[in-house]
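In what follows, a single structure is set out as structure tokens and then discussed.
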Number of protein chains: 2
Amino acid sequence: MDWANVAERAGSTPPLAVSTVVFALRQGTEDEPASLRLPLVRRDREPYRGRWALPGGPLRGDTSLRTAAAAYLEQTTGLAPTLLEQLYTFGGTDRGEGARLVSVVYWALVRFEESDAALVDDPGVAWFRADSVEVTGALAFDHSRIVDYALARLRAKVAYADVAHRLLGERFTLAQLRGAHEAVLGQRLDPANFRRTVKARGGIEDTGEVLTGVRNRPPRLYTAASHRDPSVVPDPEGDPT
Amino acid sequence: MDWANVAERAGSTPPLAVSTVVFALRQGTEDEPASLRLPLVRRDREPYRGRWALPGGPLRGDTSLRTAAAAYLEQTTGLAPTLLEQLYTFGGTDRGEGARLVSVVYWALVRFEESDAALVDDPGVAWFRADSVEVTGALAFDHSRIVDYALARLRAKVAYADVAHRLLGERFTLAQLRGAHEAVLGQRLDPANFRRTVKARGGIEDTGEVLTGVRNRPPRLYTAASHRDPSVVPDPEGDPT
DNA sequence: TCAATAGTGTCTATCAGACACTATTAC
DNA sequence: GTAATAGTGTCTGATAGACACTATTGA
């Protein structure tokens, strides 16, 4: 009701940070399927010194939330996100030791494999399986819970929106796209049914090319079609790409 | 990466405010159907003095975001929300005149009709149709866009989750529940199909009672069933009710 | 030839929309 | 009785899962 003088009270407002849950696809081997990974940063200060945490930091100056999230992401992984959406803002009073903090958290998808060279070489950064972050020892603050929530949201979204291709390169086979879905969902999908549903959704286009050099029938290569899905409510401050 | 000293930099972080888009159901008359309404507050300070704005204000001290949203809601409407979820955090650098501001916005459903007496008597508060806020003259800041986004999210959610009953009282008929859905969606629904789908979802329970005094066959009264829908990802900091 | 994956076709159960039909009240 | 809404039943078209089947490559 009375918030006109918000600016003057800046000092009385809790500090604000931006973090990002970054998902990437780790290529599968012959035996094990592809898996979803995420980068964490080792904290070198108190509180939670030495524990793994989400990449992020304070929101400075006059940068937008989204820009800040992308900047911290680039700093720690050297990658530009192919998808960056706001996840949730955590502002509880019991988020862990240390001062009161409000965190605006984003989630991102990046392309991993083809640009290993771009990854920063920093012993303070490591990649972990997204489906078992708690196994790696407790994360700093409430970050374990945040990762779980991000994964739940990603799993829900992958079921109705065309986002999985953003874990892959420009051109991809349907098997690769299915592998991405399987890695996100953590379960096998029927190849025939997957093909049918994903083609019916209209999110992919046949390039006419095929992938050669495999020891079986060469699969077709597809691209993501630029189409607006009316059933998806877009991120209001998201990049309109 | 380096966010350990967020607390010490508190002063460098933009101010933080909490606002809420509150939805209520305005009972329909014989001619026109029920409609979705929301309360707005007239600003009495610059910037945007005299314009209508969402109820809200700065986030003070050590209250959680959710608690702050509920408090501002109660101040302006005198009502307690039956549903309160986080909507989005707006932190762009071009949100309107005045200083830089980050707004964590919630959306809420309240019960309107039965407690008219509880509504605050303040000329600075008025209720508007949710589907045509822009008609009422431009709102302050980017609040028109926020209302549009909240309505889009509510419409999406009402299609797959049992939330519409939170606009009604403890007991309700299927026609009332359908009227709530129709008010949210802005379109008519087939009574027979609505009955079938909503009963199949399992979100309602037959109380065994009927509503008498109507000039037709008396309808049964239902209550919201307390059941967890596994297809809905819950608000991570939401009230576990 | 065989192994392996790509890709097609089909059956079935489920579900949403359309809509005809019956039931029960006030008047 | 009539008007009006409550509530049931049924048909149809779209869709997802299960799975049999054909196609095309490397070795």
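To find a chain, count down the sequence lines: A is the first, B the second, and so on, and within it residues start at 1. Since this is a predicted model, take the numbers as computed values, not measurements.
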Could you measure the distance from the [atom1] atom of [X] to the [atom2] atom of [Y]? Nearest 0.5 Å is fine.
| X | Y | atom1 | atom2 | value |
| --- | --- | --- | --- | --- |
| I204(B) | T223(B) | CD1 | OG1 | 9.0 Å |
| T89(A) | Y106(B) | OG1 | OH | 8.0 Å |
| R166(A) | F172(A) | CZ | CZ | 10.5 Å |

Dump every N/O contact between nucleotides 24-27 of chain C and the protein below 3.5 Å, one line per pair.
residue, atom, partner, partner atom, Å
dT24(C), O2, R217(B), N, 3.4

Practice task
Considering only NZ, NE, NH1 and NH2 on the basic side and carboxylate oxygens on the acidic side, decide whether R153(A) and E85(A) come within less than 4.0 Å.
Solution key: no
Practice task
Would you mind checking if E237(B) and R66(B) are paired as a salt bridge, meaning a charged N to carboxylate O distance below 4.0 Å?
Solution key: no
Handout entry: Stretch residues 189-203 of chain A: residues that reach within less than 4.0 Å of DNA chain C through a heavy atom
Key = A192(A), R195(A)
Problem - Span of DNA chain D in contact with chain B (heavy atoms, under 4.0 Å) - result: dA4(D) to dG9(D)
Handout entry: Name of the residue among I146(A), L83(A), V22(A) meeting side-chain contact (heavy atoms from CB on, under 4.5 Å) with W107(A)
Key = L83(A)
Quick one: list whatever passes side-chain hydrogen bond (donor to acceptor under 3.5 Å, both in side chains) with [X], sequence neighbours left out.
| X | answer |
| --- | --- |
| R195(A) | none |
| T173(B) | none |
| R155(A) | none |

Practice task
Take atom CZ of R37(A) as the centre, draw a 6.0 Å sphere, and report whether it contains more than 12 heavy atoms from other residues, nucleotides or ligands.
Solution key: yes
